[in-house]
Amino acid sequence: MLKLFKLFNNKRLFILLITLVMFIVVMGFSLGTRKSLSWPENFLRDTTGFVQNLFYKPAGYVAGFFQDIANLHDLAEENEQLKILAAQYARDKAIYNFTKAENERYKERLEFKEAQKKLYDYELHIAQVISLTTEPSNSSVVIDLGSKDGIKPNMSVISSEGMVGVISQVSNFTSTVKLMTMMDINDPNSQPPIAGTALNKEQNSFGMIESYDPQTGLLEMNKIPVGDPIAVGDTIISSGGGGVYPRGLTIGTVKSVQEGAYGYTSTALIEPTANFQDWKDLFVVFTEERAE
Amino acid sequence: MRMRRSVLILLLFLLFIIQGTLLPWLLPNAWEMRIIPNLVFIVILFVTVYHHRHTALILGLAFGMLHDVVFYGRILGAHSFAMGLSAYLIGLVFQLPRAPLPLMMSVVLLGSLLENSILFGIYSVFNLNREPYNWALLNHMLPTMLFHFAIGLLLYIPVRRQLELLKKETQKEESA
């Protein structure tokens, strides 16, 4: 016993032990879900966010300028394709407006509640990326919208290509986006699984996108029921079931369909459409407030 | 009198900003997922070899925590712990004020491997990664080591000059 006391008299060892315990406490504490951040964290994040903002945007413009020069000769071709797309869009828009009006009339007749009507309404808010880290076990992107702009944890974030991730932490003027590559079924704080469906087969197709495999770079969609028409090459979108993710966000394309782990349901491997590179602008999806 | 010290801290902060904002634009896309630049840690390794391991420990803990808070995705304190501990351990073995360039470069290689391995260990303990160690080693730790080596070569002369000035200043303070 006396020897033990002597050991603890050693100041350095004592400090070491205290630090170790502190670290384990901090890590364990931060691992759990947190509603909001403490003020030192807010302060640090907002001040560094401000400085990072000064750097990231000009760098992006310079890099973008050189990229534009390199892409100049593809431009004519791209323009042509976009014109065709625009024409198609104009036609689809007319059809869409008709269907929408019809749909609203039916809803009125069926006496939908106000909340049910607004279930699938959402708007996009543009956000500038201000810095990022690509570390495999903790990839995150910092954007310049914060709780002052109405951002809340677990909001979906998309790029122009497809879904990117969810908001994980929010401070006053910045927030961190946890990328979809962090999805992990074993991690209790991972973003909740996305209920997905295949484009043009929305009524008959269903699956849960639950994890991402960094070794292959593919998302895994599990729990696909028997007789599901899902096939290789289908575009997977979120179905809006479950409430966390809004309906209709593009997630990826099906690479292969296999028998699932238990043999009854099947599993599809999905290649994400967002490429998780060259960030400039992201969109945060604001949905209608829902009672919880 | 504490001019040099604040210059060092400002330099570290600037490097921290650069590694999050400028480097992703400069690195080719194909490498982006494989190289995890940590410029701050390279300079901290210089500090631990040429200055003192306790300074490096404090700097590692502080800037690691800054990284953790700014890029808070899953867990706080992982970088802080990894950077502080590995800088201290490297300093315990290699603290030589007159270390030549080749030795310093091998310290950079060894240090970044150690730091990434500690990080990997922490994430494994908290069950946050599923990949085997040898995959992680080949996928991102080795490329990162080589990248750090190149950056270490670039930073060698300016950082060492700063540290010499810092040393002179502290000696003057002690004698005064």
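Computed from a predicted model, the values in this text were never measured in an experiment. Order of the sequence lines fixes the chain letters, A, B, ..., with proteins taken first and strands second; residue numbering starts at 1 for each chain. As a basis for the values below, the full set of heavy atoms in this structure was taken, side chains included, without hydrogen atoms, waters or symmetry mates.
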Is it true that the side chains of [X] and [Y] contain a donor and an acceptor less than 3.5 Å apart?
| X | Y | value |
| --- | --- | --- |
| B:Gln95 | B:His51 | no |
| B:Ser80 | B:Asp68 | no |
| A:Gln128 | A:Asp144 | no |

Heavy-atom proximity to chain A below 4.5 Å, by part of [X]:
| X | answer |
| --- | --- |
| B:Thr144 | neither |
| B:Arg130 | side chain |
| B:Ile35 | backbone |
| B:Tyr123 | side chain |
| B:Phe120 | neither |
| B:Leu57 | neither |

Which atoms of [X] approach chain B - backbone, side chain, both or neither, heavy atom under 4.5 Å:
| X | answer |
| --- | --- |
| A:Met182 | both |
| A:Ser131 | both |
| A:Leu54 | neither |
| A:Thr176 | side chain |
| A:Phe55 | both |
| A:Leu20 | side chain |

OG1/A:Thr48 to CZ/B:Phe16 distance, rounded to the nearest 0.5 angstrom?
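One finds 6.0 Å between OG1 of A:Thr48 and CZ of B:Phe16.
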Output the distance between atom CD (B:Gln19) and atom NE2 (B:His67), rounded to the nearest 0.5 Å.
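Atom-to-atom, B:Gln19:CD and B:His67:NE2 are 5.5 Å apart.
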Within the structure provided, determine whether A:Pro40 and A:Phe43 are in side-chain contact (heavy-atom separation under 4.5 Å).
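A side-chain contact under 4.5 Å is absent here.
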When you compare the side chain of A:Val166 with that of A:Val177, does any pair of heavy atoms fall below 4.5 Å?
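The answer is no, as the side chains (C-beta and beyond) never meet within the 4.5 Å cut-off.
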Are the charged groups of B:Glu169 and B:Arg5 less than 4.0 angstrom apart, N to O?
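Looking at B:Glu169 and B:Arg5, the cut-off is not met.
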Should the pair B:Arg160-B:Glu164 be classified as a salt bridge under the 4.0 Å nitrogen-to-oxygen rule?
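So B:Arg160 pairs with B:Glu164 through a salt bridge.
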Just so I understand: if I count every heavy-atom pair under 4.5 Å between each of [options] and chain B, which residue has the most?
| options | value |
| --- | --- |
| A:Gln169, A:Lys178, A:Glu41 | A:Gln169 |
| A:Leu132, A:Leu31, A:Val142, A:Thr134 | A:Leu132 |
| A:Ser139, A:Ala59, A:Ser168, A:Ser137 | A:Ser137 |
| A:Met22, A:Gln52, A:Gln215 | A:Gln215 |

So, B:Phe147 versus B:Trp31, ring centres under 6.0 angstrom or not?
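Centroid distance B:Phe147-B:Trp31: not below 6.0 Å, so no.
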Starting from the C-alpha separation in whole Å, work towards a yes-or-no answer on side-chain contact (heavy atoms from CB on, under 4.5 Å) for B:Leu92 and B:Arg53.
CA-CA 7 Å; B:Leu92 212 57; B:Arg53 58 175 188 273; 3.3 Å; yes
Using a cut-off of under 4.5 Å on heavy-atom pairs, state which of B:Leu76, B:Leu85, B:Leu119 scores highest against chain A.
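Option with the greatest count: B:Leu76.
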